[in-house]
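Everything on this sheet refers to the single structure shown next.
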Amino acid sequence: MESELEEAERVGVVIVGGGICGLATALALHRNGIASLVLEKSESLRATGSAIILQANGWRALDHLGLGIASLLRQASLPIDSGRLVEVDSGKESDVLLGSGELRCVKRMDLIKSLADMLPSGTLKLGCRVTSIERDPFTRRPLLQLHNGNLIRPKMVIGCDGVNSIVADAVGLRPPRTLPMCVVRGLTTYASGHGLENKLVVLAKAGLQLGRMPINHKQVYWFMTCRMKLWTRRETAIAKDSNIIRQWSVESLDDFPMQDRDMVARSDLPSLHLTDLKYRAPWDLIGAGFRRGPIAVAGDAMHAMGPFLAQGGSAALEDAIVLGRCLSNFTANNLNLRRRKMTSEIEEAIGEFVALRRRRVMRLSAQTYLMGLLVQNSSSTIVKLVIRTFIGILFGDGADHANYDCGSLSADNDGHCEL
Ligand SMILES: Cc1cc2nc3c(=O)[nH]c(=O)nc-3n(C[C@H](O)[C@H](O)[C@H](O)COP(=O)(O)OP(=O)(O)OC[C@H]3O[C@@H](n4cnc5c(N)ncnc54)[C@H](O)[C@@H]3O)c2cc1C
């Protein structure tokens, strides 16, 4: 059997991380005739967090990816038409601002699996952890070390290895920051149907929020965010055991409506996940390179943001399409160019990708950051008013982030951006 080393030398493009961004990027490259190798550290497909809200821009990116993936996912998820925020104590209701256009909640495993299933066999290598990344001092090619001691020297590396990315370290990005919050996510299945409306409902009380939205007629995705100062040993212990996560969540929701506590109490144990929240601050992205030579980052590795705008996954899909388009000239033919010329063309294509994405991810990151300040609920009414004014000035009605079209996979179409 061909070793990873030989395969990577042959294929040329190595993608580190087989999450949403890594798999979508491999598929975008494949659709443009470029083979790649995806190295994923988990032994099986990984879909932490049970479900994900995909907004209109994410659906557009999936449509550009083609292969019927978007329609398959649409069949498995209900369209969400609006969002409502309810103050538990007063019963006061207001609208939750959702991005305009199509919005659905899909099971992460459905998304990950539909991407992985479309890849040519042998593209995805599970159980393959990259432990370090450097550049060969003589050839300047990337040098990846794997957990099993193997070294591989691809022509190009794309780091889609999430918020704790080692590729981001290698291109010189600052480490991500941690928010003083944690989030529990889960799924609840109602065998005879949940009977809920197609709405996102968020219940809020004193620094605690419980959101829920239907995926289909039987399953509901829910998330609970709570304020905390530090991720302590207590949270670490809770996070390890789904039974304790469930019990702790139900207890935390003491004063919440019975029906919602019951939803959490009945949640599917394997779906439960408790995490802290990491992000790259907008000002950390301003001068960030996002690449070094033929090594670049995409998805959360590039622009991890809090979940307050529910845009991280959709933005990762956009990255995949734009990368696929920028690299579309790298067919098998010019991977055979003389080394020096090929290296400079690869670097030029990666530079184009970074230039195309920088403004978009900075805007998303800034809007998410401001939304996060509102959700954290620790600011005074005046500060909140100032934040809302800022959001209004910078982002209009605040729903435009989902109008973005990253453009198609074809090199003749750069797309357009409606901001
Ligand atoms: C609480 C919460 C709620 C969210 N809700 C939403 C939402 O509703 N909508 C939305 O759009 N976004 C949401 N997001 C953001 C979204 O989950 C991310 O933006 C998205 O998963 C990013 O995909 P990715 O592929 O870049 O990274 P990841 O999904 O983190 O995938 C990275 C992959 O790389 C692998 N990996 C890591 N290191 C290595 C290594 N050294 N070697 C090999 N493999 C490696 C990991 O195992 C993983 O499979 C949410 C995030 C959080 C935390």
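Predicted model, so just to flag it, every value in this text is computed and none were measured. Just so you know, ligand 1 is whichever comes first in the structure, and atom 1 is the first atom listed for that ligand. All values below were derived from every heavy atom in this structure, side-chain atoms included, with hydrogens, water molecules and symmetry-related copies excluded.
Tyr404 carries Arg360 over the face of its six-membered ring, with the cationic atom under 6.0 Å from the centre and within 45° of the normal.
Between the side chain of Glu318 and the backbone N or O of Arg357 there is no donor-acceptor pair closer than 3.5 Å. Judged purely by atom type and a 3.5 angstrom limit, Ser271 uses its side chain to pair as donor or acceptor with the backbone of Leu187. For the pair Arg358 (side chain) and Ile286 (backbone), a donor-acceptor distance under 3.5 Å is present. Side-chain atoms of Glu93 never come within 3.5 Å of backbone atoms of Arg84 as a donor-acceptor pair (strictly under, hydrogens ignored). Checked by atom type and distance alone, the side chain of Arg280 pairs as donor or acceptor with a backbone atom of Ala301 at under 3.5 Å.
The protein non-hydrogen atom at the shortest distance from atom 32 (C) of ligand 1 is Cys160 O, 3.4 Å. Of all protein heavy atoms, the one lying nearest to atom 25 (O) of ligand 1 is Cys21 N, 2.9 Å. The protein heavy atom nearest to atom 49 (O) of ligand 1 is Glu40 OE1, 2.6 Å. The protein heavy atom nearest to atom 34 (O) of ligand 1 is Gly17 CA, 3.2 Å. Nearest non-hydrogen protein atom to atom 37 (C) of ligand 1 is Asp161 O, 3.3 Å. Regarding atom 9 (N) of ligand 1, its nearest protein heavy-atom neighbour is Ile53 O, 2.9 Å. For atom 30 (O) of ligand 1, the closest heavy atom belonging to the protein is Gly162 CA, 3.6 Å. Atom 42 (N) of ligand 1 has its closest protein heavy atom at Val130 N, 3.1 Å.
Heavy atoms of Val183 found under 4.0 angstrom from ligand 1 belong exclusively to the side chain. Only side-chain heavy atoms of Val16 come within less than 4.0 Å of ligand 1; its backbone N, CA, C and O stay farther off. Only the backbone of Leu39 comes within 4.0 Å of ligand 1, counting heavy atoms alone; no side-chain atom from C-beta on gets that close. With a 4.0 Å heavy-atom cut-off, ligand 1 is reached by the side chain of Arg46 but not by its N, CA, C or O.
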Derivation of the side-chain contact (heavy atoms from CB on, under 4.5 Å) call for Asp400 and Arg363:
CA-CA 11 Å; Asp400 273 359; Arg363 256 184 97 85; 5.8 Å; no
Should Ile295 and Arg135 be marked as a side-chain contact (heavy atoms from CB on, under 4.5 Å) after you check the CA-CA gap, both sets of side-chain angles, and the distance that decides it?
CA-CA 9 Å; Ile295 305 170; Arg135 285 179 78 186; 3.8 Å; yes
With side-chain contact (heavy atoms from CB on, under 4.5 Å) as the test, would you mind laying out the steps for Leu27 and Ile69 before giving the verdict?
CA-CA 11 Å; Leu27 206 47; Ile69 293 173; 3.4 Å; yes
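At under 3.5 Å, a nitrogen or oxygen of Lys41, whether backbone or side chain, sits near a nitrogen or oxygen of ligand 1. In terms of polar-atom proximity, defined here as any N/O pair under 3.5 Å, Ala298 makes no such contact with ligand 1. Considering backbone and side-chain N/O of Arg129, none are found under 3.5 Å from N/O of ligand 1.
Taking the six-membered ring for Trp and thresholds of 30 and 60 degrees, Phe223 and Tyr221 have ring planes inclined between 30 and 60 degrees apart.
At least one heavy atom of Cys128 sits less than 4.0 Å from an atom of ligand 1. Contact annotation: Gly49 has no heavy atom less than 4.0 Å from any atom of ligand 1. Heavy-atom distances between Arg108 and ligand 1 reach below 4.0 Å in at least one pair.
Nearest to atom 19 (O) of ligand 1 by heavy-atom distance, out of Ile20, Leu274, Asp300, is Asp300. The residue among Met302, His273, Arg185, Gln55 with a heavy atom at the shortest distance from atom 51 (C) of ligand 1 is Arg185.
In summary, the atoms of ligand 1 found under 4.0 Å from a heavy atom of Ser314, numbered by their order in the structure, are 11 (O). Ligand 1 places these atoms under 4.0 Å from at least one heavy atom of Gly299: 26 (O). For ligand 1, the atoms closer than 4.0 angstrom to any heavy atom of Ala310 are 7 (C), 8 (O), 9 (N), 10 (C), 11 (O).
Each of Val157, Val14, Asp161, Ile15 was compared with Leu39 under the side-chain contact (heavy atoms from CB on, under 4.5 Å) criterion, and only Val14 meets it.
Between the CD1 atom of Ile391 and the CZ atom of Phe395 there is a distance of 7.5 Å, given to the nearest 0.5 Å.
The side chain to side chain contact (heavy atoms under 4.5 Å, CB included) check on Pro79 picks up Arg104, Asn198, with sequence neighbours excluded.
Side-chain contact annotation: Asn403 with Ser100, donor-acceptor N/O pair under 3.5 Å present.
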